[in-house]
Amino acid sequence: MHASIEAVHRFALRLARDASAAEDLVQETYLRALAHRDQYTPGTNCRAWLFTICRNVFVKGAMRDAREIAVEDAELEAMGAAGVHGAMVASDPTGTVFERTDVDDAVRKALDKLPEEYRTVVALVDIEDQSYAAVAAILGIPIGTVRSRLFRGRRLLQQDLLAYAMDAGLITARMGPKPR
């Protein structure tokens, strides 16, 4: 149970982006879980059930625009991501940039900057280790939408973290257009 509370708190913090609001969100999540415990099916993924409640509490409490952001051509996105990855490997072949402690803070900040629909999916899949199917159920969206949001969210994180790494001098800026 303790591990679930910590996981729900981490997720709430990613949603709310504020420690106090996250604590309120966790409290409301557990109050609703207790009130509706008869709706939980024993033997199923309890954490996923709690994540679903947490997200629903967050969405219902927040007054925001629910429009989807159009996703560009997935093939072009994939080619761009591969290019960035190739340049990163060329600049830092041993991957030592990821062993630095200041990178952890940069990752947290980059994740917090993501739009909510991407941040939520990235947090559930990459941080809370939920399957695509579980995330689709938690968020009430198709698996294809989970995949596209995850891809897009990771791409945005990649761009932000690459800019951080270049600004911090952790990698060289060999990714720009080549002079003619």
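The first residue of the sequence shown is numbered 1, and numbering continues consecutively from there.
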Can you check whether [X] reaches [Y] side chain to side chain, under 4.5 Å on heavy atoms?
X	Y	result
Ile53	His36	no
Leu15	Cys54	yes
Arg152	Val121	no
Trp49	Thr41	no
Leu156	Pro115	yes
Arg154	Tyr118	no

Leu157 and its side-chain contact (heavy atoms from CB on, under 4.5 Å) partner, picked from Asp126, Leu111, Leu162: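 One option only clears the test, and that one is Leu111.
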Candidates Leu25, Leu31, Asp24 - the one meeting side-chain contact (heavy atoms from CB on, under 4.5 Å) with Val57: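 The residue from Leu25, Leu31, Asp24 that satisfies side-chain contact (heavy atoms from CB on, under 4.5 Å) with Val57 turns out to be Leu25.
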Can you give me the closest heavy-atom contact between [X] and [Y], atom names plus distance?
X	Y	answer
Leu50	Ala33	CD2-CB, 3.7 Å
Ala16	Ala22	CB-N, 4.0 Å
Ala136	Ile143	CB-CG1, 3.8 Å
Val26	Ala12	CG2-CB, 3.7 Å
Ala110	Leu161	CB-CD2, 3.9 Å

Could you measure the distance from the [atom1] atom of [X] to the [atom2] atom of [Y]? Nearest 0.5 Å is fine.
X	Y	atom1	atom2	result
Lys60	Arg55	NZ	CZ	10.5 Å
Phe151	Gln158	CZ	CD	8.5 Å
Leu139	Thr52	CG	OG1	7.5 Å
Ser4	Glu128	OG	CD	10.0 Å

Full working for side-chain contact (heavy atoms from CB on, under 4.5 Å) between Phe11 and Thr120: CA-CA 8 Å; Phe11 182 57; Thr120 302; 3.7 Å; yes
Arg32 side-chain N/O to Thr29 backbone N/O, donor-acceptor pair under 3.5 Å: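 Looks like no, no N/O pair under 3.5 Å.
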Side-chain donor/acceptor of Arg119 to backbone N/O of Leu114, under 3.5 Å: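 Looks like yes, one N/O pair under 3.5 Å.
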N-O pairing of Lys109 and Asp160 below 4.0 Å: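 Between Asp160 and Lys109 there is no salt bridge, as every charged N stays at least 4.0 Å from the carboxylate O atoms.
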side-chain contact (heavy atoms from CB on, under 4.5 Å) between Val122 and Leu150, worked out: CA-CA 6 Å; Val122 170; Leu150 183 62; 3.9 Å; yes
Salt bridge (Lys or Arg N to Asp or Glu O under 4.0 Å) pairs, two or more places apart, involving residues 13-23: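 Qualifying pairs, neighbours excluded: Arg14-Asp112.
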Cluster overlap Leu13 with Phe51, hydrophobic side-chain contacts below 4.5 Å: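 Unlinked, Leu13 and Phe51 end up in two clusters.
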